[in-house]
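Here the structure comes first, spelled out in structure tokens, and everything after it is commentary.
Each chain gets a letter, A, B and so on, in the order its sequence line appears, and its residues count up from 1. From a predicted model like this one, the values you see are computed outputs, not experimental measurements.
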There are 2 protein chains.
Amino acid sequence: MREFKTVSLADQVFEKLESDIIVGVYPRGEVLTELKLVENLGVSRTPIREALRRLEQERLIADSAKGSVVLGITVDDLIDIMEIRQSIEGLAAYHATKNITPDELEELRQINELQDFYYEKKDIERLRQMDDRFHVAIYEISKRNVICDTLRPLHRKTQRYRRQSIGDDQRLANSIAEHKAIFNAISEGKAELASQLITQHIENAKNHMIERFHYHG
Amino acid sequence: MREFKTVSLADQVFEKLESDIIVGVYPRGEVLTELKLVENLGVSRTPIREALRRLEQERLIADSAKGSVVLGITVDDLIDIMEIRQSIEGLAAYHATKNITPDELEELRQINELQDFYYEKKDIERLRQMDDRFHVAIYEISKRNVICDTLRPLHRKTQRYRRQSIGDDQRLANSIAEHKAIFNAISEGKAELASQLITQHIENAKNHMIERFHYHG
DNA sequence: ATTCGATTTTATGTATACAATTATACACCG
DNA sequence: CGGTGTATAATTGTATACATAAAATCGAAT
């Protein structure tokens, strides 16, 4: 018998709003009032308020006297996020290599194969999902709660920019190759190498994003 | 005329519960029910729920079918936190050195002087507060929201262990001296040096904590 | 026409009422 | 005596009602 875990409305509202803000459905500066959200989402203020408080804690919105102002992720935020990831994602890869189980290794292998598959089909949206799964899998496999809790939201917040970055075929091909190299290092138990490779991978992604999104001169 | 910003009950409840959990008033494993908190804190369930959702997001509590289980900060969490801080607090110091204003420099100088003052008086609690203010000031002076938002909660979560760590007079003296060296580097505009010094400072603090709290052999 | 002030509107903050779910206790049956 | 099922109690999830504060509106006076 399968277990159906019912997700609370508050959680659903949070996930929807977080995603919508990150990808830009609600642009920076827009004011969200509880009443409007009640109408749009069809739930009462209670779960909406709980979601808003969490978004506020993530600095995706700011509370003002009247309504919540959407902040979203600016290019400056993006650069900071990538610098932070560059500094600590190596830690995650290191611990993941040390703590990975055979099942988890298999899962990571599958993600890599799916990447190849979707690359053939040029399915950008799925490829972004695979990027999500690859990185988040490493966070979780590390079994370090604090590292996981720190990196996961940061990675989610880059979604909008990653989606565009993947559009560059050269960068996409490089990224997939880098994932493979990281996977190989992890599967061979080379923790230091995995750490170095993922750090370089993030730096490459960062540089590509800066080149693409940050006006220069 | 002074401006009185009224803090909402929800915020007050969050701050009190967060602090109580971090310092161990509520031990790991204890179950907090909304009704109990209503009685203890004298406010209704609405603000309490909003606070609990935020604590959950910080993984200080975990939601269970009946009540919220206190997780708090374990020694393993502490080690992860210090490793992360070691990796990114240098970034904060670097940006802070680049972006500091004269007023902010003066504030930092005052914190350092107060440290000497309270060290003379051996006022451990105030010294911990000064440690808070010194580090948080650097986060904020960096003017990097993401860095700030990442480091501030991590630093808060070390409070309980720092309080004990400060009890070791040798470590305390070293820590204050390290703060001074960091301050000097910042005031002289040496961003790279400030970054290196604060990284070393965190590593020293981490090693001291590991030695003190992590059972060895 | 502009400014000041009162009134109204709008939105949030808080409390409470109601619904649904889950654990617990206890009786009944094997 | 142990297990199972039902009733009950406890607790959360959600909605709504009420209180309060801030902003907008409108009118009157200068």
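Non-hydrogen atoms lying under 4.0 Å from DNA chain C are contributed by B:Val43, B:Ser44, all within residues 35-44 of chain B.
Regarding A:Arg45, its CZ atom lies at a distance of 11 Å from the C1' atom of D:dA19, rounded to whole Å. Rounded to an integer number of Å, the gap from CZ of B:Arg49 to P of D:dT11 is 14 Å. Atom C1' of nucleotide D:dT14 and atom CG of A:Leu9 are separated by 7 Å, given to the nearest angstrom.
Under a 4.0 Å N-O distance rule, the pair B:Asp11/B:Arg54 qualifies as a salt bridge. Salt-bridge check for A:Arg109 with A:Glu106: passed, with a basic side-chain N closer than 4.0 Å to an acidic carboxylate O. Taking the charged nitrogens against the carboxylate oxygens, B:Arg171 and B:Glu178 do have a contact shorter than 4.0 Å, which makes a salt bridge. The pair A:Asp77-A:Lys157 does not meet the salt-bridge criterion, since no charged nitrogen lies less than 4.0 angstrom from a carboxylate oxygen. Ion pairing between A:Arg53 and A:Glu50 fails under the 4.0 Å rule for side-chain N and carboxylate O.
Ring pair A:Phe134/A:His179 is parallel by interplanar angle, where below 30° counts as parallel and above 60° as perpendicular. Between A:His135 and A:His201, the ring planes lie parallel to each other; the angle is under 30°, not in the 30° to 60° tilted range.
Among the heavy atoms of the strands lying under 4.0 Å from B:Thr46 is at least one base atom, whether or not backbone atoms are also near.
The 12-atom threshold is not exceeded at OH of A:Tyr94, counting heavy atoms of other residues, nucleotides or ligands nearer than 6.0 Å. Enclosure of atom NZ in B:Lys16 is not indicated, since only 12 or fewer non-hydrogen atoms of other residues, nucleotides or ligands lie within 6.0 angstrom.
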Taking only N/O atoms, report every protein-nucleotides 8-10 of chain D pair under 3.5 Å with atom names and distance.
from, atom 1, to, atom 2, distance (Å)
D:dA10, N3, B:Lys66, NZ, 3.2

(request) Assess whether salt bridge (charged side-chain N to carboxylate O under 4.0 Å, His left out) is satisfied between A:Lys143 and A:Glu104, documenting all intermediate values. (result) CA-CA 12 Å; A:Lys143 276 103 177 169; A:Glu104 289 165 343; 2.6 Å; yes
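Extent of DNA chain C lying under 4.0 Å from chain A heavy atoms, first and last nucleotide in 5' to 3' order, is C:dT10 to C:dT14.
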